[in-house]
Trainee: 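What follows is a single structure, and I will ask about it in a moment.
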Amino acid sequence: MADGSQEDAGDAAAGRRTRKRAFLAGLRWTSLRLRLVVVFGAVALTAAVSASGIAYWLNRESVLSRTQTSALKDFKQEMRDKAAQLPLRPTQPELEYTAQQMARGSAGFSVLLIGERAEGKPVVGVSDQDAFTLDDVPKSLQTAVNDRQKVTSGNTSPYHIFWQRTQRGQTPYLVGGTRIVGGGPTGYVFLSLEQEREDLNALAWSLAIATGLALVGSALLAQAAATTVLKPVQRLGHAARQLGEGKFDTRLRVSGTDELADLSRTFNNAAASLQKKIDDMSAREESSRRFVADMSHELRTPLTALTAVTEVLEDEADTLDPMIAPAVTLVVSETRRLNDLVENLMEVTRFDAGTARLVLDDVDVADQVTACIDARAWLDAVELDAERGMMARLDPRRLDVILANLIGNALKHGGSPVRVSVRAVGRELVIEVRDNGPGIPEDVLPHVFDRFYKASASRPRSEGSGLGLSIAMENAHIHGGDITAANAPDGGAVFVLRLPLDDSEDAGDEDERGHGHGSARGEGGEEQ
């Protein structure tokens, strides 16, 4: 039960990690979903801010204009009704009393009156000394109020009422002023706009909340739109990945008549066409492999007879007529070459068909290399640098094929002495074969492991089959390794075989699963 709980917890944690990765992937700047949400949000934010700004500005002007018009109208009326009744030379108490009477109305403003008790001697009366003084009236407003204008047909009064918005501390105020025509006091009104500002602030908060809600709504709408649009795209991407993995029967369910449905139909048609072409190519390839395998198999019987005859002829070569001996030698050589070619073709066919298998064993690499060299009488032409006791789990026959082809190719096209070094690098077995020849031309290097590749068109024939190095590469790949070719700085070609030194259970399973079929003769092709 404890193990089950731990597994469930592990599955849950893995699920959370998967969901987190998917969420983070959806938030990448390259994500179409995120771009849709950002675009929708930007459009909604722009529209909401614009609408809110216009609404706020219109309401602000409306509120302030209404308050201002009402206050100035009441102030003008009070000036006519009360200030105009003052004597031409009022006293300061008279001005104060009149100002207090004017401020007692429902408008809620403060009043300041300025008169002259004598020529050039002003006197001031205010409704509230703490609320409003002459210092609160801007100089520009005082100048405009006292400026006597010319009376014309379009201007019937020399004095008009002027106003200005100002601020004292953190509180906004409306300041207005005018004077009595025909002589009389000058009056100023001082009205706090604090209430209007609070109302406008409340309106601004309401508009901000509405903008935020519009932004959230647009994000939700964008998410819904992205889900609607991207779900078919995601299905298309998943289907494309499956198609890329070789599942050519992958198809999309098509519904609707929109552009995405057309895209799905196009994908299905392309997948069906690709599947048909792949099936046709696979059938042709299988037919070609079968033909090569059948041809190679059918050639083995006559080749066996020919080989037996050529061996007899070779034994009797010394007793043959000197005119016939060269022809017999040529027949023997070409028969052996043909036999090697058939064997190599059969081996290549197994690799192409995927039937080649490893027969693994624990191998002393130095002994295996020595046996390969000794079996082909190359001891005098090869220098071996290898420590005995270096064990590796390999297929001995396939390692022999690789070494025979690499060393034989070096001797044939590079020249002796050929140096073979064996060492372990980390978890890899590295076998280096270096010859003493001119090296490989740079334009040939990328093709040395190609089948039947000829380094020069002037040498269409050779003693080899042209398959040796390609078979060596296939045998390295089936071990999980690789072979590289290069030129040494001091001259000569260098072939490096790298095989994994891994005795894992997988290698053991491979040993139990399959056996190699047939053999591949070790020989050097025309790769150089």
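Because the structure is predicted, anything quoted here is derived from the model rather than measured.
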Trainee: Should Ile431 and Val496 count as side-chain neighbours, where that means a heavy-atom distance under 4.5 Å?
Mentor: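 In short, these two side chains do not touch, never coming nearer than 4.5 Å.
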Trainee: Are Glu432 and Arg423 close enough that some pair of their side-chain heavy atoms sits under 4.5 Å apart?
Mentor: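 Counting from C-beta outward, Glu432 and Arg423 do come under 4.5 Å.
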Trainee: With no hydrogens and no angle check, is any side-chain donor or acceptor of Gln368 less than 3.5 Å from a backbone partner on Pro396?
Mentor: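 Such a contact is found between Gln368 side chain and Pro396 backbone.
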Trainee: Applying side-chain contact (heavy atoms from CB on, under 4.5 Å) to Val422 and Val430, what does each step give before you reach the verdict?
Mentor: CA-CA 6 Å; Val422 182; Val430 179; over 6 Å; no
Trainee: Got a sec, which residues hit side-chain hydrogen bond (donor to acceptor under 3.5 Å, both in side chains) with Asp385, two or more places apart in sequence or on another chain?
Mentor: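 Asp385: side-chain hydrogen bond (donor to acceptor under 3.5 Å, both in side chains) contacts with Arg419.
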Trainee: Which heavy-atom pair separates Ala485 from Leu445 by the least distance, and what is that distance?
Mentor: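 For Ala485 versus Leu445, the nearest heavy atoms are O-CD2, 3.8 Å.
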Trainee: Drop me the distance from Gln242's CD to Leu252's CG, to the nearest 0.5 angstrom.
Mentor: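 Answer for the CD-CG pair, Gln242 versus Leu252, is 9.0 Å.
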Trainee: Could you state the interatomic distance from OG (Ser273) to CG (Asn268), rounded to the nearest 0.5 Å?
Mentor: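 With rounding to 0.5 Å, OG (Ser273) is 12.5 Å from CG (Asn268).
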Trainee: Look at Arg376 together with Asp400 and state whether they make a salt bridge at an N to O cut-off of under 4.0 Å.
Mentor: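 Yes, this pair counts.
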Trainee: Passes side-chain contact (heavy atoms from CB on, under 4.5 Å), Lys277 versus Asp279? Steps please.
Mentor: CA-CA 5 Å; Lys277 290 182 180 179; Asp279 291 342; over 6 Å; no
Trainee: Write down the atom of Leu497, the atom of Ala476, and the distance for their closest heavy-atom approach.
Mentor: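 Looking at all heavy atoms of both residues, the shortest contact is CD1-CB, 3.8 Å.
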Trainee: Please examine the side chains of His447 and Ile440, heavy atoms only from C-beta on, and report whether any two atoms are closer than 4.5 Å.
Mentor: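 A side-chain contact under 4.5 Å is absent here.
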Trainee: If you define the side chain from C-beta out and look only at heavy atoms, does anything of Val433 sit under 4.5 Å from Val494?
Mentor: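 When only atoms from C-beta onward are counted, Val494 and Val433 do not touch, as no gap falls below 4.5 Å.
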Trainee: About how many Å separate CG of Leu379 and CG of Asp374, when rounded to the nearest 0.5 Å?
Mentor: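 Between Asp374 CG and Leu379 CG, I get 4.5 Å after rounding to 0.5 Å.
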Trainee: What are the two closest non-hydrogen atoms of Ala366 and Leu384, and how far apart are they?
Mentor: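 Closest approach of Ala366 to Leu384: O-CD2, 4.3 Å.
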Trainee: Taking the side chain as every heavy atom from C-beta outward, state whether Thr484 and Phe495 have any pair of such atoms under 4.5 Å apart.
Mentor: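 The answer is no; the side chains never approach within 4.5 Å.
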Trainee: Among all residues two or more places apart in sequence or in another chain, which pass the salt bridge (charged side-chain N to carboxylate O under 4.0 Å, His left out) test with Glu428?
Mentor: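 Applying salt bridge (charged side-chain N to carboxylate O under 4.0 Å, His left out) to Glu428 gives Arg498.
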Trainee: Considering all heavy atoms of both residues, which atom of Asn487 and which atom of Ala493 are nearest to each other, and what is their separation?
Mentor: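 Nearest heavy atoms, Asn487 then Ala493: OD1-CA, 4.1 Å.
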Trainee: Within the structure provided, determine whether Leu358 and Arg398 are in side-chain contact (heavy-atom separation under 4.5 Å).
Mentor: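 A side-chain contact exists here, since the closest heavy-atom pair is under 4.5 Å.
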Trainee: So, the side chain of Ser52 versus the backbone of Ala48: is there a donor-acceptor pair under 3.5 Å, distance only?
Mentor: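 A pair under 3.5 Å: yes.
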Trainee: Answer whether the closest heavy-atom distance between the side chains of His479 and Leu394 falls below 4.5 Å.
Mentor: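 When only atoms from C-beta onward are counted, Leu394 and His479 do touch, with a gap below 4.5 Å.
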Trainee: Please walk me through it: do Arg251 and Gln275 pass side-chain hydrogen bond (donor to acceptor under 3.5 Å, both in side chains)?
Mentor: CA-CA 11 Å; Arg251 298 293 183 273; Gln275 184 179 18; 2.8 Å; yes
Trainee: How many angstroms lie between CG in Leu429 and CG in Leu501, if you round to the nearest 0.5 Å?
Mentor: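 CG of Leu501 is found 5.0 Å from CG of Leu429.
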Trainee: Compare every heavy atom of Leu215 with every heavy atom of Ser218, then report the nearest pair and how far apart it is.
Mentor: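 Closest heavy-atom pair between Ser218 and Leu215: OG-O, 2.6 Å.
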Trainee: Count the heavy atoms belonging to other residues, nucleotides or ligands that lie under 6.0 Å from CD of Glu387, then report whether that count exceeds 12.
Mentor: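 Not buried by this count: 12 neighbours or fewer within 6.0 Å.
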Trainee: Going through the checks in order, is the side-chain contact (heavy atoms from CB on, under 4.5 Å) test met by Asn475 and Asp395?
Mentor: CA-CA 9 Å; Asn475 280 296; Asp395 185 328; over 6 Å; no
Trainee: To the nearest 0.5 angstrom, please state how far the CG atom of Leu274 sits from the CE atom of Met281.
Mentor: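 If we round to the nearest 0.5 Å, Leu274:CG and Met281:CE are 9.5 Å apart.
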Trainee: Is it the case that more than 12 heavy atoms not belonging to Asp380 sit under 6.0 Å from its CG atom?
Mentor: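 Counting neighbours around CG of Asp380, 12 or fewer heavy atoms of other residues, nucleotides or ligands fall under 6.0 Å, so no.
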Trainee: After noting the C-alpha distance and the side-chain angles of Asp364 and Met391, does the key distance pass the side-chain contact (heavy atoms from CB on, under 4.5 Å) rule?
Mentor: CA-CA 5 Å; Asp364 187 313; Met391 304 300 294; 3.8 Å; yes
Trainee: Taking salt bridge (charged side-chain N to carboxylate O under 4.0 Å, His left out) as the definition, give me every residue that meets it alongside Arg265, ordered by chain and number, with sequence neighbours left out.
Mentor: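 Checked Arg265 against salt bridge (charged side-chain N to carboxylate O under 4.0 Å, His left out); matches are Asp262.
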Trainee: What distance do Phe449 atom CZ and Glu474 atom CD have between them, rounded to the nearest 0.5 Å?
Mentor: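 That separation rounds to 11.5 Å.
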Trainee: Within the supplied structure, the quantity of interest is the number of heavy atoms (other residues, nucleotides, ligands) at a distance under 6.0 Å from Gln167 CD; does it exceed 12?
Mentor: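 Counting other residues, nucleotides and ligands, CD of Gln167 exceeds 12 neighbours.
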Trainee: Check Leu411 against Ala381 and note the closest heavy-atom contact, atom names and distance.
Mentor: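 Scanning both residues, the minimum pair turns out to be CD2-CB, 3.7 Å.
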Trainee: Check whether Asn409 reaches the backbone of Asn405 with its side chain - one donor and one acceptor, N or O, closer than 3.5 Å.
Mentor: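 Here the side-chain-to-backbone pair does not exist.
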Trainee: So do the side chains of Ile483 and Ile402 get within less than 4.5 Å of each other, counting heavy atoms only?
Mentor: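 SC-SC contact between Ile483 and Ile402 confirmed.
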Trainee: If you draw a 6.0 Å radius around NE2 in His238, do more than 12 non-hydrogen atoms from other residues or ligands fall strictly inside?
Mentor: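 No, NE2 of His238 has 12 or fewer neighbouring heavy atoms, counting only those of other groups under 6.0 Å.
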